[in-house]
2 protein chains.
Amino acid sequence: MKSLTYAEENYLKAIYHLSEEGKKEVSTNSISDELKTKPASVSDMIKKLAVKGVINHKKYQGVRITTSGIEAALQIVRKHRLWEVFLVNKLNFNWDEVHEVAEELEHIQSPLLIQRLDEFLGYPKYDPHGDPIPDETGTYKLKPKTPLNELQVGDSGQIIAVKDSSAAFLQYLDKVGAYIGAKIRVIDKVEFDGSLEILVDNKKNLFVSKDVSKNILITNI
Amino acid sequence: MKSLTYAEENYLKAIYHLSEEGKKEVSTNSISDELKTKPASVSDMIKKLAVKGVINHKKYQGVRITTSGIEAALQIVRKHRLWEVFLVNKLNFNWDEVHEVAEELEHIQSPLLIQRLDEFLGYPKYDPHGDPIPDETGTYKLKPKTPLNELQVGDSGQIIAVKDSSAAFLQYLDKVGAYIGAKIRVIDKVEFDGSLEILVDNKKNLFVSKDVSKNILITNI
DNA sequence: ATGAGTGTTTAGCTTTGTCTAAAAATATTC
DNA sequence: GAATATTTTTAGACAAAGCTAAACACTCAT
């Protein structure tokens, strides 16, 4: 299979992510929304991707990613998330600063580079946002994610990801001392407003509103 | 000044390197040789670069890089060489494997990334080939380089670079235990064929032909 | 079931960076 | 100094990736 151009990689990744969200068929408009391009541009690109065999397409019927498309997309996702780990763990970037740079770095073409980077980082299984990193074969494992607000008093676990990854929300978390990987336990729950008291890393008590707890995902309850 | 595209950066870097080799004016043909493009493509690009103010150009008279062009080129060179240090020092690449990947990485646009990478690497002053790394202001210092074959018996120094950086030559050096940074001393010189006996890192005697010693550059005699 | 509205595609244009072929300018040689 | 050779530029084409505007197809209400 011929390799993909920079733009083709971006379209395929968008289609892959949209395919993950439930339905099999991805619409032209949803792709153009995701990538901030016009539907006409998407139609053009769909033809190219279909020729390369990474998607199937019938006119006016949306797009379906193929097995080989999923494989290719997973390798791009793998690169993106490995670079995010590098930026956060080695270069001390914050969560909210890594995405755009990783968008560029993910397109670097060098299998050896990615293999060595993976090794250098200690073969991480999850990126700084808690999303799984596929291995060279495309295999990955999701951690079960439960919104913090669904936990009961006494439940414990680890912050694995956030739903709202806006800079504002990430900065709030930083400020109160919560972070991806923090161990937490639910100390008290106020039924009236759904707010929680949680213990962070066995040392710090924190009160969070339901609005906040809905956006924090916990694993390993 | 408007920023440069990927291709414009490559042309500017080529012009910068060609300008370093003595003469001020760089010819269209030499640029097309360097970049493996056709002279017609170079003529087109020259117009664009002249509009952006990084080169001066009079028709049929070659090209001269401007001060602002040198500044821009030095930042690209800085990025290229920092990535080379990263690849060799952190990811265990060999000297002869880093150039192509660094050619891609040097185009990533993120001042913060380069700043953090520089810090992570310990603010290196020279890349794995012994070439100087400009700082954020474009300042750098060349080490004086003398070909090994011009040293006399008793002279000592450090391998700072190689002239011939073909994979074959670099692999030969690896095999005999010579490397950038190795400390050497000239033990004996055969006047008949110009071959040398040298002591490497105070522990290993090595015989090298004149053809080899011409291609090894020494600093700090 | 038809007509309005939404979604998708086509047609044609733009920019970037490349090319070939031909024309123009400079350099070299006799 | 004229003829030839080389270098450089122009002209015109093409592919990639985007756009606008217009045409086409599907979907849903009435």
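Keep in mind that this is a model prediction, so the values were computed, not measured.
At a threshold of 4.0 Å, the pair A:Lys13-A:Glu34 does not count as salt-bridged, since none of the basic side-chain nitrogens sits closer than that to a carboxylate oxygen. Between B:Glu8 and B:Lys48 no salt bridge is recorded (no basic side-chain N to carboxylate O distance below 4.0 Å). By the 4.0 Å N-to-carboxylate-O rule, B:Lys38 lies too far from B:Asp44 to be salt-bridged with it. Salt bridge present: A:Asp131 and A:Lys145 bring a charged side-chain N and a carboxylate O closer than 4.0 Å.
Between the P atom of C:dT8 and the CD atom of A:Gln61 lies a distance of 11 Å, rounded to the nearest Å. Rounded to an integer number of Å, the gap from CG of A:Asp33 to C1' of C:dT8 is 14 Å. Rounded to an integer number of Å, the gap from OH of B:Tyr60 to C1' of C:dT28 is 18 Å. Computed from coordinates, the A:His107 NE2 to D:dA16 P distance equals 18 Å when rounded to whole Å. Remark: C1' of D:dT7 and CD of B:Glu25 are 15 Å apart, rounded to the nearest angstrom. Nucleotide C:dA23 holds its C1' atom 12 Å from the NZ atom of B:Lys59, rounded to whole Å. In this structure, A:Lys58 places its NZ atom 12 Å from P of D:dC26, rounding to the nearest Å. The CD1-P distance, from B:Ile46 to D:dT8, rounds to 8 Å in whole Å.
OP1 or OP2 of C:dT9 lies within a sub-4.0 Å distance of a side-chain N or O belonging to A:Thr28. A close approach under 4.0 Å does occur between a side-chain nitrogen or oxygen of B:His57 and OP1 or OP2 of D:dT9. Between A:Asn29 and C:dT6 there is no side-chain N or O to OP1 or OP2 distance below 4.0 Å.
Partner of B:Asp118 under the salt bridge (Lys or Arg N to Asp or Glu O under 4.0 Å) criterion, chosen from B:Lys79, B:Arg81, B:Arg78: B:Arg78.
Using a 4.5 Å heavy-atom cutoff, the side chains of B:Glu106 and B:Val77 are not in contact.
In this structure, A:Lys141 fails the cation-pi test against A:Tyr126, since its NZ or CZ atom is not both closer than 6.0 Å to the six-membered ring centre and inside 45 degrees of the ring normal.
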Please write out each protein N/O paired with an N/O of nucleotides 14-18 of chain C under 3.5 Å, distance rounded to 0.1 Å.
{"unit_1": "C:dG17", "atom_1": "OP1", "unit_2": "B:Thr5", "atom_2": "OG1", "d": "2.4"}
{"unit_1": "C:dT18", "atom_1": "OP2", "unit_2": "B:Tyr11", "atom_2": "OH", "d": "3.2"}

